[in-house]
There are 2 protein chains.
Amino acid sequence: MESSSAKAGGSTRREATRQKLYEAAVTLIAEQGFSATTVDEIAERAGVAKGTVYYNFASKSVLFEELLRHGVGLLTASLKEAAEQAAREGRGKVDALDAMIRAGLVFIDRYPAFTQLYVAELWRTNRAWQSTLMVVRQEAVAVVEGVLREGVAAGEFSDEIDVQLTAAALVGMVLVAALDWKSFQPERSLDDVHAALSRLLQGRVSGRV
Amino acid sequence: MESSSAKAGGSTRREATRQKLYEAAVTLIAEQGFSATTVDEIAERAGVAKGTVYYNFASKSVLFEELLRHGVGLLTASLKEAAEQAAREGRGKVDALDAMIRAGLVFIDRYPAFTQLYVAELWRTNRAWQSTLMVVRQEAVAVVEGVLREGVAAGEFSDEIDVQLTAAALVGMVLVAALDWKSFQPERSLDDVHAALSRLLQGRVSGRV
DNA sequence: ATTTTTGCACTGACCAGTCAGTTCAATTAT
DNA sequence: ATAATTGAACTGACTGGTCAGTGCAAAAAT
């Protein structure tokens with residue numbers, strides 16, 4: 001517990017309540033979807049009165065939007081960190097991509113529900129939080145695109161590659177493989193999954209043994 | 001006596017109505033999600049009365065389930081066809097995978113809404129159609145796994161690869177790249193996207209020019 | 001003293017599913 | 001032909017229930 005009663009922004013108690021609400025909302029919405037999840041359910045799972053939800057968030061969809069921002073913020077930070085550490089250690093861009101794949105897997109391993117929910121909402125249109133989602137997606141994909149571009153500039157990647165499409169494909173590879181891992185063979189280790197994806201990234205699939 | 005009129009695969013009128021309902025439902029649910037889409041909306045977009053929906057389908061979720069089965073059936077058939085044609089022409093397994101990637105892209109190009117909806121629902125839990133979804137997913141992924149296994153047996157792929165994880169990753173690669181293509185840069189040609197994915201599949205990303 | 005949370009009753013909009021009645025298209029009788 | 005009949009297909013107003021969001025006085029925490 002943090003005893004320091006810092007006044008910077010909000011009280012600790014309020015922050016704790018919001019956190020509880022995030023955690024309750026994320027699993028429920030991942031399981032059932034946004035519309036099928038009721039505010040009463042969220043409050044109950046968080047162990048909080050319904051009124052408290054509305055004391056802390058303007059509406060159900062605002063709660064959800066802030067949840068999205070919160071989660072993608074964590075992911076982006078983690079990807080950046082992985083890329084920077086690889087750079088700091090003077091390793092190549094392939095290693096940087098590999099480190100980001102691992103960071104992605106670690107994130108999904110820790111927050112599977114959030115990932116699930118994010119994927120389910122990402123390509124929807126006509127939803128209230130559409131624009132939030134776009135912004136936040138771009139932040140994450142941009143990190144991958146950045147590493148690819150640097151790799152091309154450094155001559156480490158072919159300059160024939162399409163940065164945007166390749167970044168999207170890499171993200172998809174990790175996302176879907178990880179969700180399948182969690183959903184259908186959760187007994188596998190993170191290292192197994194990472195090894196399979198590394199091999200694919202480095203073209204060691206079609207390569208003869 | 002129940003079958004009075006000519007019955008070559010169901011009455012034409014009824015079949016046409018169901019088709020209209022599928023088409024209306026698929027776009028609405030892709031845009032908004034299952035729970036946020038009302039039966040009234042579906043009926044209105046299909047140009048049909050609400051009662052007709054219930055005359056043709058037992059419930060909203062049955063309509064959705066049959067829609068899922070219908071769509072994944074098309075996809076699976078198309079993937080199989082691509083793999084078989086490559087085999088018939090005596091090409092290798094890498095070519096077969098490449099042909100399946102293209103078949104996947106063609107499918108998504110033709111039915112983007114269905115794909116969107118499928119991805120959004122696939123990893124949910126606790127939903128009525130969960131089991132349908134699992135079965136149907138397995139059918140599609142199994143086609144990819146089959147080709148990978150044959151490739152390993154033929155010595156064309158490394159026997160170190162993890163068939164299940166690699167298949168999931170390949171599917172994810174195509175799925176996410178294609179959805180991004182449709183959502184964020186729809187002006188690109190199918191060939192562009194196919195080329196980018198081919199390159200990734202064949203490990204020509206990190207390879208120097 | 002002030003902020004935050006609780007508990008709970010209430011409202012108004014919305015929506016899945018129903019059902020009694022109507023239309024359509026084909027078959028049979030005149 | 002054409003009128004009558006039949007069953008399948010379709011219609012849309014209605015019902016019963018659900019749920020987001022409100023209001024507020026009292027209690028608890030800081």
Side-chain angles (χ1 to χ4, degrees), chain A residues 1-26 28-29 31-67 121 126-129, chain B residues 1-26 28-29 31-67 121 126-129:
Chain A
M1 62 189 76
E2 59 217 277
S3 48
S4 63
S5 54
K7 293 224 150 185
S11 71
T12 310
R13 183 145 92 113
R14 206 164 176 198
E15 211 39 62
T17 309
R18 291 171 92 104
Q19 190 62 37
K20 279 194 292 181
L21 285 169
Y22 281 155
E23 276 159 25
V26 81
L28 285 167
I29 297 180
E31 280 167 8
Q32 307 175 322
F34 175 81
S35 306
T37 302
T38 69
V39 174
D40 288 282
E41 277 177 315
I42 296 174
E44 192 192 346
R45 163 119 23 144
V48 133
K50 187 179 183 177
T52 305
V53 176
Y54 285 93
Y55 183 79
N56 283 282
F57 298 95
S59 68
K60 184 186 172 188
S61 43
V62 166
L63 161 57
F64 183 57
E65 247 177 278
E66 296 195 9
L67 174 59
E121 291 296 335
N126 299 341
R127 306 235 74 177
W129 50 81
Chain B
M1 48 191 70
E2 72 227 352
S3 60
S4 48
S5 56
K7 194 158 180 282
S11 83
T12 313
R13 183 139 95 111
R14 205 166 176 194
E15 211 39 60
T17 308
R18 289 171 94 104
Q19 190 61 38
K20 278 194 293 182
L21 285 170
Y22 280 153
E23 276 160 26
V26 82
L28 285 167
I29 297 179
E31 279 167 8
Q32 307 176 321
F34 175 80
S35 304
T37 300
T38 68
V39 175
D40 288 281
E41 277 176 314
I42 296 173
E44 192 192 346
R45 167 126 13 151
V48 133
K50 188 177 188 176
T52 305
V53 177
Y54 286 93
Y55 181 78
N56 283 282
F57 298 96
S59 68
K60 185 185 171 188
S61 42
V62 166
L63 161 57
F64 183 57
E65 248 177 276
E66 297 195 8
L67 176 59
E121 291 296 333
N126 299 342
R127 306 235 74 175
W129 50 83

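Letters A, B, ... are given to chains in the order of the sequence lines, protein chains preceding strands, and every chain is numbered from 1.
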Using a heavy-atom cut-off of 4.0 Å across all strands, would you classify V48(A) as base, sugar-phosphate, or nothing? sugar-phosphate

OP1 or OP2 of dT4(C) versus the side-chain N and O atoms of N56(A): is any pair under 4.0 Å? no

Output one line per pair: protein atom, nucleotide atom from nucleotides 17-20 of chain D, and distance, for all N/O pairs under 3.5 Å.
unit_1	atom_1	unit_2	atom_2	d
dA20(D)	OP1	T37(A)	O	3.4
dA20(D)	OP1	K60(A)	NZ	3.3
dA20(D)	OP2	V39(A)	N	3.0
dA20(D)	N7	K50(A)	NZ	3.4

Take atom NZ of K20(B) and atom P of dA9(D), then tell me their distance rounded to the nearest Å. 14 Å

Strictly below 4.0 Å: does T52(A) bring a side-chain N or O up to OP1 or OP2 of dT4(C)? no

Any chance you could measure T37(B), atom OG1, to Q32(B), atom CD, to the nearest 0.5 Å? 4.0 Å

Looking at Q19(B), I want to see if its CD is surrounded by more than 12 non-hydrogen atoms of other residues, nucleotides or ligands under 6.0 Å. yes

What integer distance in Å separates R18(B):CZ from dC10(D):P? 10 Å

Please report, rounded to the nearest Å, how far the C1' atom of dC24(C) is from the OH atom of Y55(B). 12 Å

From Y22(B) OH over to I42(B) CD1, what is the distance, rounded to the nearest 0.5 angstrom? 12.0 Å

Given atom CZ of R13(B) and atom P of dT23(C), what is their separation to the nearest angstrom? 13 Å

May I have the step-by-step check of side chain to side chain contact (heavy atoms under 4.5 Å, CB included) for E41(B) and E44(B), ending in yes or no? CA-CA 5 Å; E41(B) 277 176 314; E44(B) 192 192 346; 5.5 Å; no

Between C1' of dT5(C) and CZ of F57(A), the distance in whole Å: 14 Å

Without decimals, in angstroms, what is the distance between L21(B) CG and dA9(D) P? 14 Å

Compare every heavy atom of K60(A) with every heavy atom of S35(A), then report the nearest pair and how far apart it is. O-NZ, 3.8 Å

Just how far, in rounded Å, is P of dT5(C) from CD of E15(A)? 10 Å

Atom of A24(B), atom of R45(B) and distance for their closest heavy-atom approach: CB-CG, 3.6 Å

